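Reminder, nothing fancy here: chain letters follow the sequence lines and each chain counts from 1. Keep in mind the model is a prediction, meaning the values are calculated, not measured.
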Amino acid sequence: MTWEWTIARPMLLLHAVTGFAALAISIHVLYFVWLGGRNSGAARRARARWYAAITWPAYVAAMVTGALVYPAYKVGVREAWLDANRPELTGFFEIKEHWGAIGLLLAWGLWRYLCRSAPGEIASADRTFWRGQSILTLLLVICAAVNVVIGLWVVMVRSV
Amino acid sequence: MQDHRWPASTWTVPLAFALLYALWPALGLPRFFYAPQTREVFWHRPEDVVLMGWYGRLTMAAVAAAVVGGAVARLIDRRPAPWQRLGPWIAAGGVLFALIAAAVSEITRWIL
């Protein structure tokens with residue numbers, strides 16, 4: 001048994017934990033960005049920045065553990081069974097991979113953005129800014145949620 | 001509060017660049033800076049899927065315009081741009097476009 005197969009299942013478990021963590025933390029970012037649009041939301045905006053600061057490391061952890069599972073998945077699941085029997089699941093898995101990469105960039109960008117854009121001064125006075133920031137954070141939550149759901153779906157059908 | 005007026009060059013220059021880049025092959029002009037081989041690296045598509053040609057071209061045009069056009073616009077006009085205000089919308093639009101383009105690409109390859 002090669003190292004890919006030895007570590008595949010423990011890494012899959014860690015991948016699930018970090019993926020769920022990324023989803024949960026990004027929901028917290030959305031919650032506090034949304035509340036931070038109010039006049040009294042300075043503390044909540046600070047909380048949003050804090051949660052955004054740990055969202056992207058959770059994403060990175062999910063991506064690293066996922067990359068360690070990938071060789072076993074590619075050979076033992078995808079090429080051995082999924083492509084021939086359930087090609088639409090391969091498609092959904094590829095969508096998950098793309099959206100995960102976009103979500104990682106978005107998570108890092110959103111953190112930098114929340115740190116640098118002084119939202120406390122602008123958000124309460126400018127609803128355009130606040131709505132745009134909320135939608136951007138909602139997209140991050142959608143990316144993470146799609147990753148979790150498709151990942152669980154594939155694992156339920158065929159796992160490493 | 002900060003002046004949120006949008007300097008004209010920050011949207012006219014990238015827009016002109018994007019249109020020129022996207023339409024360059026259709027204008028019958030020499031393909032001086034149009035790089036289909038670069039597009040193929042990022043937007044690999046099977047031979048029988050012709051749908052992706054314009055997706056790839058428009059995506060590359062948008063990305064190139066955001067980088068090159070934005071840099072040129074900042075050189076032309078250094079007044080503070082309202083990126084704090086419209087930045088999230090522009091970023092959300094770009095992310096949404098990327099999400100849809102990626103999903104359409106995989107749906108045409110595997111699911112349909």
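- In plain terms, the two heavy atoms of A/Ile135 and B/Ala92 that are nearest each other are CG2-CB, 4.1 Å.
- The only option from A/Glu94, A/Arg86, A/Glu88 that meets the side chain to side chain contact (heavy atoms under 4.5 Å, CB included) definition with B/Trp110 turns out to be A/Glu94.
- Around the OH atom of A/Tyr31, the shell of radius 6.0 Å holds no more than 12 heavy atoms that belong to other residues, nucleotides or ligands.
- Atoms CD1 and CG, on A/Ile102 and B/Leu99 in that order, are 4.5 Å from each other to the nearest 0.5 Å.
- Between B/Ile107 and A/Ile95, some side-chain heavy-atom pair lies under the 4.5 Å cut-off.
- Criterion: ILVMFWY side-chain heavy atoms under 4.5 Å apart, direct or through other members. Under it, A/Val64 and A/Tyr73 are part of a common hydrophobic cluster.
- A/Val69 is not connected to A/Val17 by any chain of hydrophobic side-chain contacts under 4.5 Å among Ile, Leu, Val, Met, Phe, Trp and Tyr, and they are in different clusters.
- Looking at every heavy atom in both residues, A/Gly91 comes nearest to B/Glu106 through O-CB, 3.9 Å.
- By the neighbour-count criterion of 12 heavy atoms within 6.0 Å, atom NE2 of A/His28 is sparsely surrounded, having that number or fewer from other residues, nucleotides or ligands.
- Hydrophobic cluster membership differs between A/Trp99 and A/Val149, with clusters built from Ile, Leu, Val, Met, Phe, Trp and Tyr side chains linked at under 4.5 angstrom.
- Contacts of A/Phe93 with chain B are absent, with no heavy-atom separation under 4.5 Å from either backbone or side chain.
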